[in-house]
Amino acid sequence: MVITLLDYGAGNVRSVRNAIRKLGCSVRDVQSPDDILTAEKLIFPGVGSFGLVMNRLRESGYIAPLRQRIAENKPFLGICVALQALYEGSEESPGVAGLGIIPGQIVRFAVKDLAVPQIGWNGIKLVKQSPLLDDYHNEKLYFVHSYHAQIAAETKDWTLALTDYGREFVSAVEKGNVTAFQFHPEKSGAAGLRILARYLETSSETIRVSTPAVFPPDKTKIAKRIIACLDVRSNDHGDLVVTKGDQYDVRHEGEVRNLGKPVELAKRYYEEGADEVTFLNITGFRDFPLADQPMMEVLEKASENVFVPLTIGGGIREFTDSANKSYSALDVASAYFRAGADKISIGSDAVYTVEEYLKSGKKTGKSSIEQISIVYGAQAVVVSVDPRRVYVASPAETSHAVLQTVFPGPKGEQYCWYQCTVKGGREGRDLDVVQLVTTCEELGAGEILLNCIDRDGTNSGFDLELINMVKKAVSIPVIASSGAGNAAHFIDVFCKTGTDAALAAGIFHRQEVAIGEVKEAVRSAGIEIR
Ligand code: 1PR
């Protein structure tokens with residue numbers, strides 16, 4: 001079976017390609033408007049903001065053939081923003097018309113005490129039968145969006161499934177052979193691959209009568225995420241290895257610690273049940289990701305077998321190479337997305353950007369955060385924070401955001417603030433984490449990866465005081481990172497802070513605790529987990 005893929009070059013559709021191939025089909029790209037009409041089966045992954053998607057469709061002359069294909073009830077599967085594009089418009093891009101197939105506007109989540117964008121694993125409640133969801137048994141599926149379709153009487157005949165996130169929203173639509181999902185089946189592990197398989201094998205003639213809609217008794221709930229992180233760099237022999245710092249020092253007896261191969265470890269963690277996998281190119285601040293191809297290759301190879309979200313960080317900033325050719329942070333991020341990343345993570349450059357902004361008080365629109373967020377959406381932009389505790393005897397000693405800590409400093413100091421660093425903790429800056437994360441959210445970042453140099457690699461547990469301080473400061477999701485030593489530390493961080501996800505590295509690389517064990521322990525503690 002040849003599946004036609006509508007890739008308008010705006011982001012990571014490599015994972016959709018890989019999922020189709022994994023399911024035994026081959027992929028042909030739409031090359032002309034006519035291909036949209038003649039395709040036996042069309043998949044349209046919507047990546048990027050609503051406005052970007054619609055503008056690319058318009059520029060390519062794809063709008064009329066898409067409308068005609070849908071009117072002729074030819075097999076069509078839309079993913080994420082492609083579901084939203086079926087509507088008349090979206091608050092995300094005022095004035096930009098959608099395909100107008102389904103009446104109504106897409107709106108932004110307006111939910112109290114829930115992080116926006118919704119990033120993570122939630123359920124769906126079927127409201128009617130669908131051959132594509134024949135095999136769906138209430139598993140959690142991966143959502144990553146700030147906008148959603150609304151429930152409305154006039155669009156009842158389109159509504160296939162609903163999801164709860166602060167309020168109920170339409171998470172899947174279907175009419176005849178035309179289906180679209182707000183979630184990403186290609187990033188929803190085995191459950192998602194089964195849904196895709198149904199689309200690939202269900203021919204338009206045999207619309208199977210599926211099992212009656214199973215309405216779970218209560219609301220769907222978003223799960224807490226367990227993320228495996230791979231710090232990657234070349235060792236002194238030039239091999240790209242997964243390493244691990246102890247308070248960011250990755251050398252042991254002079255050698256860069258070598259804990260395994262990036263692609264193999266990522267596949268193992270996916271199979272063990274990791275909800276996301278993060279690669280951090282930890283020397284990206286000095287070499288240039290587009291020059292040293294290995295990281296691109298790692299992403300391309302990993303995304304062939306990892307069907308949960310991949311985040312890549314390290315070296316995302318503007319750069320001028322030895323031939324005096326300059327690249328923007330957007331160029332670097334776009335290369336990472338094309339290689340298979342779903343989210344990019346910015347570290348040092350976010351600190352420099354915030355320092356500039358706090359000095360000038362003006363948004364330039366040119367920072368790495370703004371550029372990438374405008375094109376790919378906030379949900380694709382993670383800011384990785386590398387903070388270090390600075391102890392003070394009293395709050396009066398500093399203008400930075402301090403907290404009273406239960407872990408007194410070396411001279412018994414009762415207070416501390418968290419200093420931001422750049423270059424992998426090598427350089428401290430006169431900036432605290434609250435200034436960094438609040439400004440990054442304002443500039444368009446969609447998630448915070450909150451590391452902690454003091455806890456990194458110590459197996460002593462997460463810095464709960466730091467996480468609570470940051471969680472109170474922003475409304476975007478926060479990933480707690482650094483220090484995990486056992487399953488109880490994950491229960492701790494989910495019960496004692498509002499963190500949306502918890503990340504670990506060392507305990508997984510050293511096989512001290514398996515991801516499955518952590519998830520079982522968290523589930524037994526009554527915490528929602530996939
Ligand atoms: O500054 O944009 O080039 O990004 C560099 C990226 O690399 C940042 O995300 C930064 O956090 C990371 N990084 C740089 N140097 C190091 C280092 O270790 N020398 N990794 C480094 C920092 C943080 C986590 C770590 C957790 C969990 N590592 O990735 O895995 O702390 O560890 P644990 O569970 O073993 O305690 P840019």
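Just so you know, these numbers use all the heavy atoms, side chains as well, and skip hydrogens, waters and symmetry mates. Whatever order the structure lists ligands and atoms in, that order sets their numbers, starting from 1.
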Next item on the list: Could you pull out all residues at least two apart from Gln371 that satisfy side chain to side chain contact (heavy atoms under 4.5 Å, CB included)?
Entry: Ser328, Leu330

Notebook entry, point to check: Less than 6.0 Å separating the ring centroids of Phe143 and Tyr165?
Noted result: no

Next item on the list: Can you tell me which residue pairs pass the salt bridge (charged side-chain N to carboxylate O under 4.0 Å, His left out) test with a partner in residues 237-249, sequence neighbours excluded?
Entry: Lys244-Asp456

Next item on the list: Determine whether more than 12 heavy atoms belonging to other residues, nucleotides or ligands lie under 6.0 Å from atom CD of Glu318.
Entry: no

Considering only distance and modelled atom types, tabulate donor-acceptor pairs under 3.5 Å from the side chains of residues 110-118, sequence neighbours left out.
| from | atom 1 | to | atom 2 | distance (Å) |
| --- | --- | --- | --- | --- |
| Gln118 | OE1 | Asn122 | ND2 | 2.8 |
| Gln118 | NE2 | His145 | NE2 | 2.9 |

Margin query: Check Arg429 with Glu355, please: is the shortest side-chain N to carboxylate O separation under 4.0 Å?
Written below: yes

Give every pair made of an N or O atom of ligand 1 and a protein N or O atom lying under 3.5 Å apart, one pair per line with both atom names and the distance to 0.1 Å, or write 'none'.
| from | atom 1 | to | atom 2 | distance (Å) |
| --- | --- | --- | --- | --- |
| ligand 1 | 1 (O) | Ser348 | N | 2.8 |
| ligand 1 | 1 (O) | Ser348 | OG | 2.5 |
| ligand 1 | 2 (O) | Gly347 | N | 2.9 |
| ligand 1 | 2 (O) | Ser348 | N | 3.4 |
| ligand 1 | 3 (O) | Gly315 | N | 2.8 |
| ligand 1 | 9 (O) | Ser384 | OG | 2.7 |
| ligand 1 | 11 (O) | Ser384 | OG | 3.3 |
| ligand 1 | 11 (O) | Asp386 | OD1 | 2.6 |
| ligand 1 | 11 (O) | Asp386 | OD2 | 3.2 |
| ligand 1 | 11 (O) | Asn451 | ND2 | 3.4 |
| ligand 1 | 19 (N) | Tyr248 | O | 2.9 |
| ligand 1 | 20 (N) | Asp231 | OD2 | 3.2 |
| ligand 1 | 28 (N) | Asp231 | OD2 | 3.0 |
| ligand 1 | 29 (O) | Asp231 | OD1 | 2.8 |
| ligand 1 | 31 (O) | Asp456 | OD1 | 2.7 |
| ligand 1 | 31 (O) | Ser482 | OG | 2.5 |
| ligand 1 | 32 (O) | Lys244 | NZ | 3.3 |
| ligand 1 | 32 (O) | Asp456 | OD1 | 3.3 |
| ligand 1 | 34 (O) | Ala505 | N | 2.9 |
| ligand 1 | 35 (O) | Lys244 | NZ | 3.4 |
| ligand 1 | 35 (O) | Gly506 | N | 2.9 |
| ligand 1 | 36 (O) | Gly457 | N | 2.8 |
| ligand 1 | 36 (O) | Gly483 | N | 2.8 |

